[in-house]
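Down below is the structure, laid out as structure tokens.
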Amino acid sequence: MLQLGFIRDNKEALIKGLKIRNFKDSELVLVDKIISLDDNRKSLQTDLDSKKAETNKLSKAIGDLFKSGKQAEAQEMKGNVSSLKEEIKSGEDKLSEIMKDLETNLLAIPNVPHLSVPAGTKEEDNEVYRAWPKDLPVLPESAKPHWELATKYNLFDLQLGAKITGAGFPLYRGKGAKLQRALINFFLDEADAAGYEEIIPPLLVNEASARGTGQLPDKEGQMYHVTEDDLYLIPTAEVPITNIYRDVILEESKLPIKLTGYTPCFRREAGSYGAHVRGLNRVHQFDKIEIVRIEHPDKSYAAMEEMIAHISLLLDKLELPYRILRLCGGDLGFTSALTYDFEIYSAAQKRWLEVSSVSNFETFQSNRLKLRYKDEDNKKSLAHTLNGSALALARIVAGLLENNQTEAGIVIPKALQPYTKFEIIN
RNA sequence: GGAAGAGUGGCAGAGCUGGUUUAAUGCACCGGUCUUGAAAACCGACGUACCUUAACGGGUACCGGGGGUUCGAAUCCCUCCUCUUCCGCCA
């Protein structure tokens, strides 16, 4: 959610940004509507505040009269307050109505895209930020997609997952399970080495947390909802980890804050189906190591570069071909100012698979979280929040299996061998 | 799940028979005096959000959340949440 002050002061920049996001003229009137609602809010509040000040003064006077025994005068004054009270009551009703209206409209405004965000409406418009510098691997015709390899080597079983739970809940077994565990530990160790504090958060969150990071009310249908207790299964560790700092005012010297956490992630992915979701390409439950940063506004983009370097290193160590995309206005998430997607190349499927998404939310998320820092002069400002996957497992596994298949079996990259304790899956 | 108790400013902790509490007091933090420096002592400032003002300043709301009673609520009532202790269940 954007700050009202920002919208008022940067109306032109906001409208320009919304156009990058392909807002139509009919939708752009929202901005003026918000400003005029806020005007109403201000004048109404000024009016209400002065009326309340008046009643406070009168109440005090009544108390003094009672104390000095002037009952009759006190009673008379009581009568004078009642009309004022009625005006306050109706004013408050009106104010809360305006506030509600204002909030609804404010929630419809996405984050302002960073200046580097390219225009565009679809995936193909995303800009290749860093291409894979070498030739893409080519596998023999006999190469198999990962779901066939999984069956051949007994690594994971989608039918069993479906039997136990439903489609999209893979069951890993044997070396497939060990590979998962190895990747999790590898990613966590790398994050630790890069200075991120490890967190094991709750996997279910309450509504306030889901709201804090912006999953609600925007992506309601994406999350599994435990209605009995009104809790949500986390779609990403970003939610519980970032909410550590909900309603917090940090000392500026505490910045930056760097956190990481491994969690399973649950996504309903309502409405997805088809060839692109076969195997591990898109599942309801997958494992992910997330990195989260809370940064000073001046340093958030430098931090973002660091995150990109960190994730690149992981993929280099895993010897996977990858490219980095800068998302266009049409593909950019609602809450993000700038997002880079990492895609690995699956040689068997002959297509790119998204394995990581790194976003800078600037103050969009921290405004809703009420996450601030105060500087030496005690001035409070919203911090910038960023996060990225480092990395998401399911598709990494898909890529490893496919790209590393040989006659002898599937070769485990050197960097991962200390974790798997085996060099080949055969 | 059952019973009892409790939730007050960064922390500790009064107020809780409704009206000099504009939330006492202590500690911590910050500024100052003193000191070669520090400590101690003393003086001062010391929450968050919003409205208003060019600024100084003024105003409103907030004592776990929400609602109610009253001219007036930290204080009374209702409701929800959380924590502590005991019991039950349990990896």
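Each chain gets a letter, A, B and so on, in the order its sequence line appears, and its residues count up from 1.
Nucleotides B:A73 and B:C77 have their C1' atoms positioned 11 Å apart, rounded to a whole Å. To the nearest whole angstrom, the two C1' atoms, one in B:A28 and one in B:A45, are 14 Å apart. B:A74 and B:U8: their P atoms are spaced 16 Å apart (whole Å). Distance check on atom P: B:U84 versus B:U79 gives 24 Å, rounded to whole Å. The P atoms of B:A6 and B:G13 are separated by 14 Å, rounded to the nearest whole Å. B:G64 and B:U48 have their C1' atoms separated by 16 Å, given to the nearest Å. When the C1' atom is used for both B:A54 and B:A40, the distance is 45 Å, rounded to whole Å. Taking atom P in both B:C16 and B:G59, one finds a spacing of 27 Å when rounded to whole Å.
Ring pair A:Phe364/A:Phe334 is perpendicular by interplanar angle, where above 60° counts as perpendicular and below 30° as parallel. Aromatic ring orientation, A:Phe186 versus A:Tyr419: perpendicular (interplanar angle above 60°, classes split at 30° and 60°). Using cut-offs of 30° and 60° for the angle between ring planes, the A:Phe169 and A:Tyr224 rings count as tilted.
With a cut-off of 3.5 Å on both pairing distances, B:A54 has no Watson-Crick or G-U wobble partner at all. A 3.5 Å limit on both hydrogen-bonding distances identifies B:C81 as the Watson-Crick or G-U partner of B:G7. Here B:C16 sits opposite no nucleotide as a Watson-Crick or G-U wobble pair (both hydrogen-bonding atom distances under 3.5 Å). Taking a pair to require two hydrogen-bonding distances under 3.5 Å in either a Watson-Crick or a G-U wobble arrangement, B:C34 remains unpaired. A 3.5 Å limit on both hydrogen-bonding distances identifies B:C62 as the Watson-Crick or G-U partner of B:G47. Across the strands present, B:A73 finds no partner; the criterion is a Watson-Crick or G-U wobble pair with both atom distances under 3.5 angstrom.
Side chain of A:Glu402 to backbone of A:Pro145: no donor-acceptor contact under 3.5 angstrom is found. Proximity of a side-chain donor or acceptor of A:Glu27 to a complementary backbone N or O of A:Lys24 within less than 3.5 Å is detected.
Of the side-chain N and O atoms in A:Asn56, none sit less than 4.0 angstrom from OP1 or OP2 of B:G72.
The nearest whole Å value for the distance from the CG atom in A:Leu250 to the P atom in B:G10 is 14 Å. Residue A:Asp247 contributes atom CG, which lies 13 Å from atom C1' of B:G65 at whole-angstrom precision. At whole-Å resolution of the value, CD1 in A:Ile88 and P in B:U60 are 11 Å apart. Rounding to whole angstrom units, CZ of residue A:Arg8 and P of B:C51 are separated by 9 Å. Regarding A:Lys89, its NZ atom lies at a distance of 13 Å from the P atom of B:U70, rounded to whole Å. The interatomic distance linking A:Ile98 (CD1) with B:C51 (C1') rounds to 14 Å, in whole Å. When rounded to the nearest whole Å, the span between CG of A:Leu48 and P of B:A49 equals 21 Å. The distance between atom CG of A:Asn206 and atom P of B:U82, rounded to the nearest whole Å, is 10 Å.
Residue order along RNA chain B, read from the 5' end via each residue's closest nucleotide, puts A:Ser50 first among A:Ser50 and A:Lys85. Each of A:Asp49 and A:Arg41 lies near RNA chain B, and the nucleotide nearest A:Arg41 is the one positioned closer to the 5' end.
A:Asn206 and A:Ser209 share a donor-acceptor pair across their side chains, judged by distance under 3.5 Å alone. Side-chain polar atoms of A:Asp341 and A:Ser357 form a donor-acceptor pair below 3.5 angstrom.
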Look for any protein N or O under 3.5 Å of an N or O in nucleotides 17-21 of chain B and output each such pair with its distance, or none.
{"residue": "B:G19", "atom": "O2'", "partner": "A:Lys67", "partner atom": "NZ", "Å": "3.2"}
{"residue": "B:G19", "atom": "N2", "partner": "A:Ser59", "partner atom": "O", "Å": "2.9"}

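For the pair A:Lys178 and A:Phe422, the cation does not sit on the ring face, since its NZ or CZ is not both under 6.0 Å from the ring centre and inside 45° of the axis.
Among the heavy atoms of the strands lying under 4.0 Å from A:Lys380 are primed sugar atoms or P, OP1, OP2 only; no base atom is included.
Residues A:Pro264 and A:Leu233 are not in side-chain contact: their nearest non-hydrogen atoms beyond the backbone lie 4.5 Å or more apart.
Of the listed nucleotides (B:A49, B:U60, B:C51), B:A49 has the atom at the smallest distance from the side chain of A:Arg372.
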